[in-house]
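Throughout, residue positions are numbered sequentially from 1 according to the sequence presented.
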Amino acid sequence: GGGGGAAGRSKAGGGEKGKKESVPTVDNALWTCDDRQIITAHSTKPSPASSSSSSTAAAADPNPDWKQHLKVWDSSTGALLRVLRGHRKQSTVLAVHPSDPRIVMSAGYDGKVCLWDVSVGKCLQSFINILEWGPPGNDFNLGDAVALHDGQFSCDGWSFSVADACGRLLLFGPEEKDGYRKAPSE
């Protein structure tokens with residue numbers, strides 16, 4: 001026959017008995033400022049099986065990478081336009097530029113901020129939030145990447161801010177607004 005049997009159903013149902021498969025989640029969703037696209041943040045926590053399959057692998061990295069990506073959807077058809085990859089850990093911070101529908105900012109537990117052009121699926125600039133000064137927190141030491149929990153663009157879109165797990169506010173923007181006027185619009 002077809003080889004279905006109990007073993008076939010077990011595999012299709014998620015693997016060996018007692019081992020839990022990680023389930024992908026949607027962590028955030030938002031519309032671009034022109035309402036033409038929807039951006040969603042998806043993450044899949046590393047499965048216990050993959051992080052404990054080898055004692056050497058677990059010892060080398062006690063915090064394995066998440067499967068993390070952003071998806072760009074056409075809001076009128078529901079079609080998936082592109083998948084963006086740039087974070088290693090869960091990314092729960094998403095913010096759209098207030099006037100440019102191409103620009104989206106993401107940030108996450110990996111301490112990374114990405115500024116995206118979602119029209120082409122490219123990370124324009126990225127920053128890593130490293131604890132370089134001040135007292136270490138309960139979960140972070142000097143030199144560690146610090147998780148980012150919230151963020152937003154300014155009303156005029158010239159700057160953005162993110163807040164981290166150590167209680168700090170990080171501000172990003174041009175030294176002078178005139179510097180952006182020299183950049184050609186493509």
**OP:** Apply the test side chain to side chain contact (heavy atoms under 4.5 Å, CB included) to residues Val83 and Leu70: give CA-CA distance (whole Å), side-chain angles for both, the deciding distance (0.1 Å), then the verdict.
**Re:** CA-CA 6 Å; Val83 176; Leu70 305 177; over 6 Å; no
Original post:
Passes side chain to side chain contact (heavy atoms under 4.5 Å, CB included), Phe127 versus Val162? Steps please.
Top reply: CA-CA 11 Å; Phe127 310 91; Val162 290; over 6 Å; no
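Between Phe160 and Phe172, the ring planes are parallel. Angles under 30° get that label, and only those over 60° would be called perpendicular.
For the atom pair OG1 (Thr77) and CZ (Arg36), the distance works out to 13.0 Å, reported to the nearest 0.5 Å. Once rounded to the nearest 0.5 Å, the distance linking OG1 of Thr92 with CD of Gln68 reads 8.5 Å. Atom-to-atom distance recorded for Leu169:CG and Ser161:OG is 5.0 Å, nearest 0.5 angstrom. Distance check: Arg102 CZ to His97 NE2 gives 9.0 Å after rounding to the nearest 0.5 Å. Between the CH2 atom of Trp31 and the OG atom of Ser75 there is a distance of 4.5 Å, given to the nearest 0.5 Å. Between the CG atom of Leu131 and the CG atom of Leu142 there is a distance of 5.0 Å, given to the nearest 0.5 Å.
Considering only heavy atoms from C-beta on, Val93 stays 4.5 Å or farther from Asn28 through its side chain. A heavy-atom distance below 4.5 Å is not found between the side chains of Ile38 and Leu30. With a 4.5 Å cut-off on side-chain heavy atoms, Thr44 and Thr25 do not count as touching.
Criterion: ILVMFWY side-chain heavy atoms under 4.5 Å apart, direct or through other members. Under it, Val96 and Ile103 are not part of a common hydrophobic cluster. In terms of hydrophobic clustering, with Ile, Leu, Val, Met, Phe, Trp and Tyr side chains grouped at heavy-atom distances under 4.5 Å, Leu94 and Leu170 are assigned to different clusters. Leu124 and Met105 fall within the same hydrophobic cluster, defined by Ile, Leu, Val, Met, Phe, Trp and Tyr side-chain heavy atoms under 4.5 Å apart, directly or through other members.
Using modelled atom types and a 3.5 Å distance limit, the side chains of Asp27 and Ser43 yield a donor-acceptor pair. Side-chain atoms of Thr40 and Trp73 form a donor-acceptor pair, as typed in the model, at a separation below 3.5 Å.
Of all the heavy atoms in Cys33 and Pro101, the pair that sits closest is SG-N, 3.5 Å. Considering every non-hydrogen atom in both Leu148 and Ala107, the closest pair reads CD1-CB, 3.8 Å. Of all heavy-atom pairs between Ser91 and Ala41, the closest is O-CB, 3.4 Å. Heavy-atom minimum distance, Lys112 versus Gly86: NZ-O, 2.8 Å.
The closest donor-acceptor contact from the side chain of Lys71 to the backbone of Ile39 lies at 3.5 Å or more, if one exists at all.
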Taking distance alone, no hydrogens or angles, what donor-acceptor pairs closer than 3.5 Å link side-chain atoms of residues 113-121 to residues at least two apart or in another chain?
from	atom 1	to	atom 2	distance (Å)
Trp116	NE1	Ser106	OG	2.8
Asp117	OD1	Ser119	N	2.9
Asp117	OD1	Ser119	OG	2.5

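Remark: His69 engages no residue in a side chain to side chain donor-acceptor pair (under 3.5 Å) (not counting sequence neighbours). Partners of Asp74 under the salt bridge (charged side-chain N to carboxylate O under 4.0 Å, His left out) rule, at least two apart in sequence or in another chain, do not exist in this structure. Not a single salt bridge (charged side-chain N to carboxylate O under 4.0 Å, His left out) links Asp110 to another residue, sequence neighbours left out. Qualifying salt bridge (charged side-chain N to carboxylate O under 4.0 Å, His left out) partners for Arg82, counting only residues two or more places apart in sequence or in other chains: none.
Annotation: side chain to side chain donor-acceptor pair (under 3.5 Å) contacts involving residues 143-153, sequence neighbours excluded, are absent.
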